[in-house]
Amino acid sequence: MDVQTNLQKIKDKIGQACEKSNRNIEDITIIGVTKYVTIERAEEAIEAGITNLGENRNEGFLEKYNKLTNKATWHFIGSLQTRKVKDIIDNIDYLHSLDRESLAKEVNKRATAPVNCFVQVNVSGEESKHGMEPEEVLPFIENLRVYENIHIVGLMTMAPHIDDSEKIRGYFRKLANLRDIIKDKNFKHAPCTFLSMGMSNDFEIAIEEGATHIRIGTSLVG
Ligand SMILES: *Cc1c(COP(=O)(O)O)cnc(C)c1O
């Protein structure tokens, strides 16, 4: 299916989810996740009107970034090895996977300007998922104030692949509640207004629970 057709379907669903939850469509950013596809397919997404692209590995990111640099806003959504920070950190616009002190320290050291970061949280408690435990997040963010190149814009999570949509809803709600707690602290280094949650199979629930950034791969370009 061409990206334009896929995007229209996704936008219709976003519209319905926004209506259901009394939200504005303009408050939702679609990140087109191009990790499975070619540069040509990523370009097709840009032509269809996608202005935010997401990649989860350094190699894939650099391949697309080097070709399409100024045509998109760049989101790094995968887990990032500390030793590979220097290769990409000045090229990305958003890091969605800040999940440990050692990574924060390296980002702060290598970046030449403040980096917009989401703290990744493991709200489902699944062992295989990356991300911090919910209880760790507030003290972690408080301690980041010493790093002048770390700017916390929000929280990110990945829900498990399960069929129980009410369970998924519960995880998203938990992340939204945690975001509210941190936002209310009014930290200068961590406004924490955004919620990066929702993928191809669960973005409508995520929007109903407050997502501001949805990360869509398969149903958009796959
Ligand atoms: C691959 C990936 C996505 C997109 O997943 P789809 O199910 O293909 O929409 C979103 N977020 C992260 C972190 C991913 O790795």
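Position 1 is the first residue of the sequence, and the numbers go up from there. One-based numbering, in listed order, for ligands and for the atoms of each.
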Under 3.5 Å, side-chain donor or acceptor atoms of residues 140-148 against the rest of the protein: list the pairs with distances, not counting sequence neighbours.
from	atom 1	to	atom 2	distance (Å)
N143	ND2	P139	O	3.3
Y147	OH	E101	OE2	2.5

> E63 versus E55: any side-chain heavy-atom pair under 4.5 Å?
Replying inline: no
Polar pairs, ligand 1 vs protein, N/O only, below 3.5 Å.
from	atom 1	to	atom 2	distance (Å)
ligand 1	8 (O)	T218	N	2.8
ligand 1	8 (O)	T218	OG1	2.5
ligand 1	9 (O)	S200	N	3.0
ligand 1	9 (O)	S200	OG	2.6
ligand 1	9 (O)	G217	N	2.8
ligand 1	11 (N)	R215	NE	2.8
ligand 1	15 (O)	K35	NZ	2.6

>> Under the salt bridge (charged side-chain N to carboxylate O under 4.0 Å, His left out) definition, can you give me all pairs with a residue in residues 191-216, not counting sequence neighbours?
In response: K20-E208, R169-E208, R169-E209, R173-E209
> Parallel, tilted or perpendicular: which fits the ring planes of F61 and F76, with parallel below 30° and perpendicular above 60°?
Replying inline: perpendicular
> Shortest non-hydrogen contact from A42 to T34?
Replying inline: CB-CG2, 3.8 Å
>> Applying side-chain hydrogen bond (donor to acceptor under 3.5 Å, both in side chains), can you list everything that pairs with S200, at least two apart in sequence or on another chain?
In response: S219
